[in-house]
Amino acid sequence: MSTYIATKIRGVEMNKVMLLGRLARDLEVKYTQGAEPLAVCKFSVAVNRAYAKNRKENEPNVDFINCVCFGKRGENINKYFRKGNRIALQGRLQVSTYTDQQGNNRYSTNVIVEDFEFVESKNERDNSSEGGYNPTPAPNAGFSIDNDTEDEELPF
């Protein structure tokens with residue numbers, strides 16, 4: 001790291017997570033109690049580790065990362081994504097502490113989703129959700145929506 005960059009970020013704290021992967025399981029949405037219920041959407045994203053192969057099967061090692069999304073954003077993820085769909089998301093890492101029924105301290109690490117993007121077209125999303133989780137990445141995958149997609153097809 002250059003001295004200039006180190007000088008610029010010294011004293012600044014940062015907690016930023018960016019993921020590109022597939023939904024590893026069906027999404028779970030619950031609503032908080034109260035006058036204005038808030039959606040809480042929980043899901044797991046499977047992300048292949050770069051350059052890490054499983055020695056036994058010669059397949060990529062996969063991390064399953066727990067994510068939580070709140071409000072309208074969580075409702076939209078639940079509405080438009082299913083298990084196996086590719087998703088790009090950005091958020092922050094949050095570690096929570098709780099006490100289990102036996103009185104032991106437990107820790108939970110989640111990515112709190114602040115933004116997400118579609119990575120595949122609606123047809124690709126429909127096809128991948130029928131086949132389930134497929135760890136093979138699509139060619140030329142990125143964080144942007146296909147430029148050939150018409151605005152009328154987008155859900156927002």
Side-chain angles (χ1 to χ4, degrees), residues 5 8-50 52 60-138 141-156:
I5 294 173
K8 286 290 187 184
I9 62 173
R10 190 170 300 152
V12 176
E13 297 172 12
M14 183 183 307
N15 182 351
K16 190 69 118 178
V17 175
M18 295 174 62
L19 300 174
L20 175 61
R22 291 190 183 272
L23 293 177
R25 59 180 166 90
D26 291 329
L27 293 88
E28 174 187 330
V29 176
K30 294 183 179 179
Y31 288 85
T32 60
Q33 301 291 322
E36 294 183 32
L38 179 69
V40 179
C41 180
K42 295 182 179 184
F43 55 95
S44 182
V45 176
V47 180
N48 288 345
R49 290 185 189 169
N61 284 326
V62 179
D63 290 311
F64 294 91
I65 302 168
N66 294 323
C67 301
V68 180
C69 193
F70 298 95
K72 193 69 169 167
R73 188 172 291 124
E75 290 175 342
N76 284 333
I77 289 176
N78 184 56
K79 182 175 181 180
Y80 294 108
F81 289 88
R82 296 289 171 260
K83 178 181 176 181
N85 291 154
R86 297 185 76 221
I87 188 170
L89 59 87
Q90 172 177 303
R92 60 185 168 81
L93 197 62
Q94 180 172 302
V95 179
S96 302
T97 307
Y98 64 95
T99 305
D100 66 13
Q101 294 176 350
Q102 290 77 30
N104 300 317
N105 286 337
R106 299 288 182 186
Y107 298 92
S108 171
T109 304
N110 294 299
V111 172
I112 306 302
V113 178
E114 296 170 345
D115 196 13
F116 72 93
E117 292 189 32
F118 295 91
V119 183
E120 54 195 1
S121 71
K122 183 178 182 328
N123 289 339
E124 289 172 321
R125 282 196 316 271
D126 291 344
N127 290 338
S128 69
S129 64
E130 289 173 7
Y133 171 67
N134 178 4
T136 307
F143 281 86
S144 62
I145 298 172
D146 186 5
N147 292 333
D148 296 333
T149 304
E150 295 295 324
D151 285 346
E152 292 79 28
E153 294 178 19
L154 299 176
F156 43 83

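When reading the values below, keep in mind they use all heavy atoms of this one structure, side chains included, and skip hydrogens, waters and symmetry mates. Note that the structure is a prediction, hence the values are computed from the model and not measured.
- Of the possible polar contacts, one joining the T32 side chain to the L38 backbone as a donor-acceptor pair under 3.5 Å is found.
- Taking each heavy atom of K83 and A24 in turn, the nearest pair found is CE-O, 3.6 Å.
- Separating the OG atom in S44 from the CG atom in D26 is a distance of 11.5 Å, to the nearest 0.5 Å.
- Between the side chain of N110 and the backbone N or O of Q94 there is no donor-acceptor pair closer than 3.5 Å.
- Results of the side chain to side chain contact (heavy atoms under 4.5 Å, CB included) test with V111 over L19, V45, V68, N66 single out L19 as the only residue that passes.
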Tell me, with the steps shown, if I112 and F70 meet side chain to side chain contact (heavy atoms under 4.5 Å, CB included).
-> CA-CA 8 Å; I112 306 302; F70 298 95; 4.0 Å; yes
Show the numbers, then the answer: is there a side chain to side chain contact (heavy atoms under 4.5 Å, CB included) between L23 and R82?
-> CA-CA 7 Å; L23 293 177; R82 296 289 171 260; 5.9 Å; no
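- Between atom SG of residue C67 and atom NZ of residue K42 there is a gap of 12.0 Å, rounded to the nearest 0.5 Å.
- Of all the heavy atoms in R73 and E114, the pair that sits closest is CZ-O, 2.8 Å.
- Nearest heavy-atom pair, I87 versus V119, reported as atom, atom and distance to 0.1 Å: C-CG2, 3.7 Å.
- Here the side chain of R22 pairs a donor or acceptor atom with the backbone of G84 at under 3.5 angstrom.
- Annotation: the span from C69 atom SG to I77 atom CD1 amounts to 4.0 Å, rounded to 0.5 Å.
- Atoms OG1 and CZ, on T99 and R106 in that order, are 10.0 Å from each other to the nearest 0.5 Å.
- Ring geometry for F81 versus F118: interplanar angle under 30°, hence parallel rather than tilted (30 to 60°).
- Judged by distance alone, with hydrogens and angles left aside, the side-chain atoms of D100 form a donor-acceptor pair with the main-chain N or O of Q102 at under 3.5 Å.
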